[in-house]
Number of protein chains: 2
Amino acid sequence: MRDGPDIALIGSLIGDPARANMLTALMSGKALTASELAAEAGITAQTASSHLGKLANAGLVDQRKQGRHRYYVLSDDDVGQALESLMGLAAKKGHLRVRTGPNDPALRKARVCYDHLAGDLGVRIYDSLLSQSHVVPADDGSIRLTESGDAFLQSFGINPAQSSRSRRPQCRSCLDWSERRYHLAGSTGHAIYLRLLELGWAQRLEASRVIQFSSSSEKNLLAQFPILNG
Amino acid sequence: MRDGPDIALIGSLIGDPARANMLTALMSGKALTASELAAEAGITAQTASSHLGKLANAGLVDQRKQGRHRYYVLSDDDVGQALESLMGLAAKKGHLRVRTGPNDPALRKARVCYDHLAGDLGVRIYDSLLSQSHVVPADDGSIRLTESGDAFLQSFGINPAQSSRSRRPQCRSCLDWSERRYHLAGSTGHAIYLRLLELGWAQRLEASRVIQFSSSSEKNLLAQFPILNG
DNA sequence: CTCATACTTCGATCCTAGTCGAAGCATAGT
DNA sequence: ACTATGCTTCGACTAGGATCGAAGTATGAG
């Protein structure tokens with residue numbers, strides 16, 4: 001054999017449907033308890049416990065004990081990113097889980113993608129920023145926030161500078177599995193998402209990745225993020 | 001259950017050690033035959049055939065029949081990227097395959113990472129470009145080729161403009177599992193790698209990801225990619 | 001102190017999936 | 001035509017792991 005990172009280990013961890021469901025649920029960014037995750041995966045508490053032990057052992061999730069609950073979180077940004085890249089790949093290859101839930105249309109409309117907004121409205125925001133040259137594709141094909149974009153975001157109540165931390169890219173485009181188009185990720189994507197919650201325009205549906213907009217707040221959002229020249 | 005991409009399917013495909021080995025081997029970018037992949041994974045031809053069928057069925061690899069051989073390639077850039085992100089994650093979490101081969105030091109020195117140069121020398125090139133401001137971190141934390149970098153690459157025999165195609169980012173930083181630092185990926189990284197082969201400085205070791213440099217050509221490379229201010 | 005809840009550990013069961021031997025096709029060379 | 005090589009299909013074997021019931025530990029509530 002040869003040397004190298006053991007992708008089989010991580011792959012097999014993600015490869016079990018129960019664990020994949022748990023990880024997907026944790027992509028919401030929320031800390032979830034062992035029982036919630038068990039329910040999410042449709043398995044009993046014992047089985048879930050065993051799965052979570054393995055995930056924690058491999059360093060994919062962190063556990064925090066609080067009272068008699070035990071909360072789990074993705075241990076790292078990188079875990080979320082890796083999951084996203086797998087999701088993108090799976091979607092591109094047409095591997096979708098069959099059992100389409102009742103809230104599916106809502107999920108396509110708007111949902112959290114790890115820690116930012118995805119779905120129809122997520123793509124809309126990205127397209128709007130692009131059409132106004134608030135973000136531009138950099139020479140290298142990635143994207144970059146312009147000065148006008150900086151000013152725009154400040155007027156929307158976000159300080160992009162403060163939200164840029166350490167390693168994390170400020171802007172990043174993230175492939176959307178429902179739309180098959182790109183939306184805004186990175187710390188700026190996160191900041192916009194938080195601001196939408198703060199304004200009360202968006203509300204996260206309990207125990208789901210769905211983000212709900214009232215019809216008026218959806219109008220607000222469309223007005224705030226217009227698409228020029230179209 | 002809920003809707004979404006089926007990451008469990010892809011995860012389980014990558015999760016088998018034999019398949020993981022095959023995919024890793026295909027990260028070299030070369031087309032490999034079924035028997036070569038079987039040897040790589042240390043399994044018999046029958047077993048390999050079954051595995052390759054599954055990978056092809058899921059759209060992770062493509063097969064091309066040529067004579068009585070059947071060549072396999074990663075079907076897509078995205079597959080390589082997803083594998084890379086898993087490798088980065090695995091390395092970061094310290095999950096390394098135990099069986100360290102005899103050519104391990106060479107592997108750390110220089111190797112192909114999907115389609116560009118990684119390892120000690122790959123990191124060196126990246127650092128050099130960075131120290132001379134030939135690439136700069138963009139505002140968003142990603143990286144961007146500067147005008148001086150463009151000129152520099154042209155003098156090295158590469159036309160960055162022509163190498164930029166469609167979707168693919170021109171420059172991209174890729175986390176190195178051996179160095180735990182970044183090296184240059186994207187179409188520019190690919191172009192540099194090709195140029196090194198073309199110049200005869202680098203040679204790919206047969207049936208391996210190791211890239212070999214003679215001591216003189218390594219000196220050439222270090223001279224061509226100096227690190228300023230240090 | 002007693003009871004309920006949240007979670008883990010242990011043990012047993014069951015089933016999937018990886019594995020290889022043998023045989024079957026296909027292609028190439030002579 | 002005959003043989004060798006590369007690969008796939010079939011069938012059977014086996015091991016690893018996912019699962020849950022039951023029992024055990026910790027925390028909180030009354």
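Residue numbers begin at 1 in each chain, while the letters A, B, ... track the order of the sequences.
Atom CD in B/E36 sits about 16 Å away from atom P in D/dT5, given to the nearest Å. Separating the CG atom of A/L55 from the P atom of C/dT8 is a distance of 12 Å, rounded to the nearest angstrom. Straight-line distance from the NZ atom of A/K65 to the P atom of D/dA26: 8 Å, rounded to whole Å. Distance CG (B/L13) to C1' (C/dA17): 12 Å, rounded to an integer number of Å. Rounded to whole Å, the distance from CG on A/L52 to C1' on C/dA6 is 13 Å. The CG-C1' distance, from A/L37 to C/dT8, rounds to 15 Å in whole Å. Summarising the geometry, the separation between CG on B/N57 and P on D/dT9 is reported as 11 Å, rounded to the nearest angstrom. When the P atom of C/dT19 is taken as reference, atom CG of B/N21 falls 10 Å away, rounded to whole Å.
Between B/T47 and C/dT19 there is no side-chain polar atom (N or O) within less than 4.0 angstrom of OP1 or OP2. OP1 and OP2 of D/dA29 both lie 4.0 Å or more from every side-chain N or O belonging to A/R68. The side chain of A/T44 places no N or O atom within less than 4.0 Å of a non-bridging phosphate oxygen (OP1 or OP2) of D/dT19. At the phosphate of C/dT27, neither OP1 nor OP2 sits under 4.0 Å from any side-chain N or O atom of B/R70.
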Applying side chain to side chain contact (heavy atoms under 4.5 Å, CB included), run through A/D76 and B/K93 and close with a yes or a no. CA-CA 10 Å; A/D76 215 317; B/K93 301 299 179 185; 3.1 Å; yes
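A/L13 CG to B/S12 OG: the interatomic distance, rounded to the nearest 0.5 Å, is 12.0 Å. Annotation: the span from B/E218 atom CD to B/R124 atom CZ amounts to 9.5 Å, rounded to 0.5 Å. To the nearest 0.5 angstrom, A/L74 atom CG is 6.0 Å from A/L83 atom CG.
The side chain of A/S50 approaches D/dT19 more closely than any other nucleotide in the set C/dT19, D/dT8, D/dT19. The listed nucleotides are C/dG18, C/dT9, D/dA18; the one nearest the side chain of B/H51 is C/dG18. Among the nucleotides C/dT19, D/dC20, C/dT8, the one closest to any side-chain atom of B/D16 is C/dT19. Distances from the side chain of B/K54 to the nucleotides C/dG18, D/dT19, C/dA6 place C/dG18 closest.
Along DNA chain D, the nucleotide nearest to A/Q46 and the one nearest to A/R19 differ in position, and the one closer to the 5' end is contacted by A/R19.
For the pair A/Y72/A/T33, no side-chain contact is recorded, criterion being any heavy-atom separation below 4.5 Å from C-beta on.
If you check every strand for non-hydrogen atoms under 4.0 Å, B/A45 touches a base. Among the atoms of the strands shown, only primed sugar atoms or phosphate atoms (P, OP1, OP2) are found under 4.0 Å from some heavy atom of A/Y72.
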